[in-house]
Amino acid sequence: MSKVRVATTSLAGCFGCHMSFLDMDERIVGLLEHVEFSRSPINDIKHCEPCDIGLVEGALCNADNVHVLREFRENCKILIAVGACAINGGVPAMRNHFSLQECLEEAFLDEIGVDNPHIPNDVEIPLLLSKVHPLHEVVKVDYYLPGCPPPADAFVKILTDLLEGREPALPKNMLHYD
Ligand code: SF4
């Protein structure tokens with residue numbers, strides 16, 4: 001039987017959701033009997049190839065985040081928003097209380113210890129969005145895996161449900177938002 005292809009990425013995230021994914025520990029070995037990975041921070045594949053499940057951590061903070069998210073949506077049959085940042089913007093969305101200019105000035109001009117203050121403007125740097133957005137404001141999301149981060153058991157449960165052809169359903173003890 002061919003393996004289920006899974007891609008993962010971190011947009012404006014902290015990689016904490018990926019760390020929690022890896023907290024599956026030895027259960028990852030069992031998972032690898034049924035799953036192979038497309039683009040993911042845990043390998044060297046640069047683009048999301050057509051696959052069955054995409055796990056996306058992090059909110060949308062900049063133009064590159066939007067580009068990567070669209071690539072995942074085009075290539076993944078099932079797209080899962082993983083963690084608080086992907087679901088509602090999470091901690092990064094706290095900057096939405098300020099203008100982008102205020103944030104840039106605070107970080108690059110006014111903060112204590114800033115040497116040679118200037119706001120970076122190299123063309124290689126992705127442009128920041130004026131506000132931070134959750135994934136569902138830009139693409140259709142199929143499932144949400146809550147938590148900051150979601151527990152490893154929740155990754156196991158949602159992936160097992162999907163691999164076995166069931167509608168994912170998390171028990172209460174795996175559902176939290178902190
Ligand atoms: S939801 Fe929490 S753990 Fe996951 S990327 Fe956001 S801040 Fe990090």
Side-chain angles (χ1 to χ4, degrees), residues 6-28 31 35 37-48 51-73 75-76 78-98 100 102-104 106-108 111 125-162 168-178:
V6 175
T8 82
T9 191
S10 179
L11 304 176
C14 75
F15 279 93
C17 289
H18 275 79
M19 290 299 108
S20 192
F21 180 78
L22 295 177
D23 277 343
M24 279 193 264
D25 298 329
E26 71 279 1
R27 288 174 290 180
I28 289 177
L31 189 66
V35 163
F37 284 92
S38 176
R39 172 183 169 152
S40 171
I42 63 174
N43 61 34
D44 199 29
I45 301 173
K46 305 289 191 233
H47 291 282
C48 181
C51 58
D52 301 289
I53 301 170
L55 298 166
V56 181
E57 160 198 309
L60 299 160
C61 272
N62 64 37
D64 186 62
N65 295 156
V66 175
H67 173 77
V68 172
L69 177 63
R70 291 205 163 116
E71 185 185 67
F72 265 64
R73 180 67 278 182
N75 284 286
C76 301
I78 295 172
L79 190 76
I80 304 176
V82 176
C85 300
I87 292 172
N88 61 22
V91 172
M94 289 174 73
R95 84 153 156 93
N96 291 354
H97 296 289
F98 305 91
L100 181 55
E102 282 176 294
C103 295
L104 289 169
E106 176 69 18
F108 294 106
E111 189 49 73
I125 301 172
L127 286 175
L128 289 171
L129 306 177
S130 59
K131 298 292 178 194
V132 175
H133 298 270
L135 309 191
H136 70 265
E137 290 186 2
V138 172
V139 299
K140 175 177 177 286
V141 171
D142 298 300
Y143 297 105
Y144 297 88
L145 189 53
C148 183
D153 287 346
F155 282 99
V156 174
K157 179 71 167 68
I158 198 168
L159 288 174
T160 307
D161 283 347
L162 288 170
L170 295 181
K172 265 191 181 168
N173 66 330
M174 292 182 200
L175 274 177
H176 61 77
Y177 296 87
D178 56 353

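Since this is a predicted model, take the numbers as computed values, not measurements. Counting convention: from 1, in listed order, for ligands and their atoms alike.
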(message) So that I can tick it off, tell me whether Lys140 and Asp142 are bridged by a salt bridge, with the cut-off set at under 4.0 angstrom between side-chain N and carboxylate O.
(response) yes
(message) Does any part of the side chain of Ile87, heavy atoms only, come nearer than 4.5 Å to the side chain of Pro134, both counted from C-beta?
(response) no
(message) Please list, in number order, the atoms of ligand 1 under 4.0 Å from a heavy atom of Gly83.
(response) 1 (S)
(message) Once rounded to the nearest 0.5 Å, what's the spacing between atom CG of Leu129 and atom CG of Leu60?
(response) 7.0 Å
(message) Give me the nearest non-hydrogen protein atom to atom 5 (S) of ligand 1 as residue plus atom name, then the distance to 0.1 Å.
(response) Cys14 N, 3.3 Å
(request) Taking only heavy atoms of Pro149 into account, list the atoms of ligand 1 that are under 4.0 Å away from them. (result) 3 (S)
(request) State whether a side-chain donor-acceptor pair under 3.5 Å links Thr8 with His18. (result) yes
(request) Kindly compute the distance separating NE2 (His47) from CZ (Phe72), expressed to the nearest 0.5 Å. (result) 11.0 Å
(request) Starting from atom 4 (Fe) of ligand 1, find the nearest protein heavy-atom neighbour and note its residue, name and distance. (result) Cys17 SG, 2.3 Å
(message) Rounded at 0.5 Å granularity, tell me how far CG in Leu128 sits from CG in Asn65.
(response) 9.0 Å
(request) Could you tell me the residue and atom name of the protein heavy atom closest to atom 6 (Fe) of ligand 1, and the distance to it rounded to 0.1 Å? (result) Cys85 SG, 2.3 Å
(message) Suppose I only count heavy atoms of Glu57 and a 4.0 Å limit; which atoms of ligand 1 are within that range?
(response) 5 (S)
(request) Note the single closest protein heavy atom to atom 1 (S) of ligand 1, along with its residue, its atom name and the distance in Å. (result) Ala84 N, 3.2 Å
(message) Report whether any nitrogen, oxygen or sulfur of Cys148 sits less than 2.8 Å from atom 2 (Fe) of ligand 1 (N, O or S, backbone or side chain).
(response) yes
